[in-house]
Number of protein chains: 2
Amino acid sequence: MATGTFNPPETQPSRPAHLRFANCRTLLQLLRAHGPCSKADLVRSSGLSAPTVSSAIAQIEALGLVETLGEGESSGGRPPELIQFNATHGYVAAADIGGTRLRMMLADLNGTPVAHWSTQFAADQKDPTSVCSVLDEGLHAMCQQTNIAISKVLHLTAGAPGITDVRAGIVRFAPNLTAWTEVPLRAMLRKQTGIETIVENDTNLAAVGEYRQGAAEGVEDFIFVAMGTGVGAGIFLRGSLHHGARWSAGEIGYLGIPGVAREPVEMHKTGQLERVIGGAGIERQWLERLERAGLRNEAELAELRAPQIFDLAQEGDLLALEVLQSTAVILADAIATLALVFNPELIVLGGGVGSHDRLCRETDRLLRNADFAPPRIRTSFLGTQAQLHGAISLSLSAVESKLLC
Amino acid sequence: MATGTFNPPETQPSRPAHLRFANCRTLLQLLRAHGPCSKADLVRSSGLSAPTVSSAIAQIEALGLVETLGEGESSGGRPPELIQFNATHGYVAAADIGGTRLRMMLADLNGTPVAHWSTQFAADQKDPTSVCSVLDEGLHAMCQQTNIAISKVLHLTAGAPGITDVRAGIVRFAPNLTAWTEVPLRAMLRKQTGIETIVENDTNLAAVGEYRQGAAEGVEDFIFVAMGTGVGAGIFLRGSLHHGARWSAGEIGYLGIPGVAREPVEMHKTGQLERVIGGAGIERQWLERLERAGLRNEAELAELRAPQIFDLAQEGDLLALEVLQSTAVILADAIATLALVFNPELIVLGGGVGSHDRLCRETDRLLRNADFAPPRIRTSFLGTQAQLHGAISLSLSAVESKLLC
DNA sequence: GCATCTTTGTAAAGTTTGTTTATAATCTAG
DNA sequence: CTAGATTATAAACAAACTTTACAAAGATGC
């Protein structure tokens, strides 16, 4: 399929100007990858001739994308003039819309975070319009903190906890957000903020985050399994997200459980798998076992949340360990299913519940028993920051193609 | 991500020659798509200027890729000189290595079949070396039939019923081929035939076939489920095959069955799902029901194969209908799992058992009961020819990028 | 300390490719 | 049979790349 040279999307004619465009892009990539360097370095790394590099860099510089750093160290001749990608030429913003709060981040064109902002939603702030204005407030707050003009924010990616049509920019269904349905979030944010926007599913964003700078860095085929209140997966194949035909790929909360009759999938109810190994399911398992052990009235124990139950297991509590193990058995089964159909290289466990290290080790141990080569399993590196980093990453991708225009 | 213009794979410099290369490729694509046409037509469809089209076409013609057809009808002025892609400039070959036989096909550069060939393997012909020489024999036979020089066969794609490392060209494990393991088939075929070769899994080839000219034509996200002796799936996402990290994506024969405890996956045994709804499993279900009905001794009934049992069901036989329905229930469950994780637009049922229309309708009916939007389900259009058509398609893709070099 | 070499960067000339404009060839229409 | 339309090539010009030549500025060696 690949020709090794060009890969034109359709049947577009190529003119001399496209050569320059392609070479500018190549040079910009090299400049970003190889840090501060001289034009001579770019000549060597690009394979282009020196005059071409000179003239192309001049063109990029005119756009404000190149910073000059003055003279560098001589290596036996005329000292180089060092240049560098100007990462402050613009900024990108990320927002993670959760069931209870909004978290935001602002980063420069290198993806380096420059500001954070977050807020709890008031009870009457969870409707789409209010969320948009809260988000806009956060955007301005971050700009003010850092003394950045709002016009320098070139792109925004917002993550929502629900089925999201990325192409149309619509959140189709988000049960945790006062049951948002068919919310044209991209258009609303675009209008509110004036900034070009992408909307994505939050779990998918977390997967992208782990790919770019987390537990799955450089792994082309992996699955991010998010276990928190809900259970879902971000599916990353051949270097990019897989959304499916109706944007609902990875809805593994509705998977069946081994040994139990499959129930029909009903989108408006909690899924079969999620009910058992979601946060609430784990807490229910815990209460049942407490009851059986006659400890139901120990309020302190009964009120533990899932991650704390796993902490107890880690400390040696046998009842908690039982809960953890039964969770791991079911999780391992779901992962075995994913592994059979996708054959990913890696599974990353994330979310408040899933990122517990003991759960990961136990699940891994169970999977090693099978004789098919199971995927590696590891916990999230980025934790709750994964979504924001993934959002920044998507915004950077979106912006990159427009920098030279 | 897409810039709308170029999409260079890495950081390769662009020179003027690349312009010509890209434009030649564009023109060749247009020529292939728009059938016989004039240079003036190409000027209009490509957006390039007339002199450029003239000179580029001259270059392509010098490579033997263009046929001149003489004058066409005038439309009020000088009559056009019609040209056409020369599909007989070269040929591509396809081979489907089955457990009992080898089927082959030869096609021109339009993908139009020009010859077929097949043979049953003798008992001592199933080892890799023998298969290669039988395949070579078939290749020469097809060339002789059609009076085509073997040197005009530019590419070969061979499908094998097992886990295949396409990049390395190695059949890792094929239980139906006298347990081939780690067979470097691509290198062997390359050496035997002298032709550039791709090796692929046969189910994956069938999926490609259905995508290019079958039940999934133009559908970017679909899954081909092959039910025959074994049960497997070809996974087609975002317009191309998904192989997974270890080339074993789609091994759904090992999926669990609802209500039954999951057993550990053991690659060298038949999978849990496959044992029940593979050909042999269906025949066992049939025999059990015959026995219960006291009909075990009806030799004629007892010897029926799975597709014939389904034919009986179609004709109204109640016992056979029970078998079909219980198969459909389990198949629908597996498809529901696939739909949840992949969210494909379409499922294509193929293989000797799976392509039975009644099974498809019954499975579809069961899936409509769920309230998540299930994929469309249809049977294979190409039947047993799907693998060969898919192989031709892959060979054409491989050849296209080299035609202009 | 100074000539020589190395390294960096630009200027000038030449090549490839593409476009626009002009021209030739050949048919339809009135 | 002329006027206009359509197709195709030739000539002139423009953009982008390369090679070659050259200038600037420091390191190296005797």
Side-chain angles (χ1 to χ4, degrees), chain A residues 5-6 8 11-28 30-31 34 36-62 66 68-84 404, chain B residues 5-6 8 11-28 30-31 34 36-62 66 68-84 404:
Chain A
T5 312
F6 288 154
T11 55
Q12 290 198 347
S14 297
R15 276 154 248 254
H18 295 139
L19 278 186
R20 174 50 63 96
F21 181 82
N23 283 331
C24 280
R25 221 178 33 158
T26 299
L27 287 171
L28 202 57
L30 289 170
L31 198 55
H34 296 111
C37 65
S38 66
K39 290 180 195 171
D41 290 328
L42 290 175
V43 168
R44 284 182 286 267
S45 58
S46 71
L48 291 164
S49 69
T52 299
V53 170
S54 263
S55 118
I57 289 292
Q59 198 167 319
I60 300 174
E61 196 168 4
V66 171
T68 58
L69 297 177
E71 270 193 8
E73 282 287 290
S74 161
S75 63
R78 171 173 167 179
E81 297 164 21
L82 293 185
I83 56 177
Q84 169 179 269
L404 290 170
Chain B
T5 312
F6 287 153
T11 55
Q12 290 198 347
S14 296
R15 274 149 221 175
H18 296 140
L19 279 186
R20 174 50 63 95
F21 182 83
N23 284 330
C24 279
R25 221 176 36 156
T26 298
L27 288 170
L28 201 57
L30 289 171
L31 198 55
H34 295 100
C37 64
S38 67
K39 290 180 195 171
D41 290 328
L42 290 175
V43 169
R44 283 182 285 267
S45 57
S46 70
L48 291 164
S49 68
T52 299
V53 170
S54 263
S55 120
I57 289 292
Q59 199 168 318
I60 300 174
E61 195 168 6
V66 171
T68 59
L69 297 177
E71 271 191 8
E73 282 286 292
S74 161
S75 61
R78 172 172 167 179
E81 296 164 20
L82 293 185
I83 57 177
Q84 169 179 270
L404 290 171

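Just so it is clear: chains get the letters A, B, ... in the order the sequence lines come, proteins before strands, and each one is counted from 1.
- When rounded to the nearest whole Å, the span between CD of A:Gln59 and P of D:dA16 equals 7 Å.
- Listed by chain and number, the residues in a side chain to side chain donor-acceptor pair (under 3.5 Å) with A:Arg78 amount to none (sequence neighbours excluded).
- At whole-Å resolution of the value, CD in B:Glu73 and P in C:dA29 are 11 Å apart.
- In this structure, the CD atom of B:Glu81 is 13 Å from the C1' atom of C:dA24, given to the nearest Å.
- No option in B:Thr52, B:Ile83, B:Thr26, B:Leu48 other than B:Ile83 meets the side-chain contact (heavy atoms from CB on, under 4.5 Å) test with B:Leu42.
- Checked by atom type and distance alone, the side chain of A:Asp41 pairs as donor or acceptor with a backbone atom of A:Ser38 at under 3.5 Å.
- Residues meeting the side-chain contact (heavy atoms from CB on, under 4.5 Å) test with A:Ser74, sequence neighbours left out: A:Pro79.
- Ranked by how close their nearest DNA chain D nucleotide is to the 5' end, A:Ala17 and B:Arg44 are led by B:Arg44.
- A donor-acceptor contact shorter than 3.5 Å links the side chain of A:His18 to the backbone of A:Arg15.
- With contacts defined as side-chain heavy-atom distances shorter than 4.5 Å, the pair B:Ser46/B:Val53 qualifies.
- Atom-to-atom, NZ of B:Lys39 to C1' of D:dA10 comes out at 14 Å; the value is rounded to the nearest Å.
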Each nucleotide in nucleotides 17-30 of chain D should get exactly one letter: B, S or -. Can you fill that in based on protein heavy atoms under 4.0 Å? SBB---BBBBS---
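- At whole-Å resolution of the value, CG in B:Leu42 and C1' in D:dA8 are 13 Å apart.
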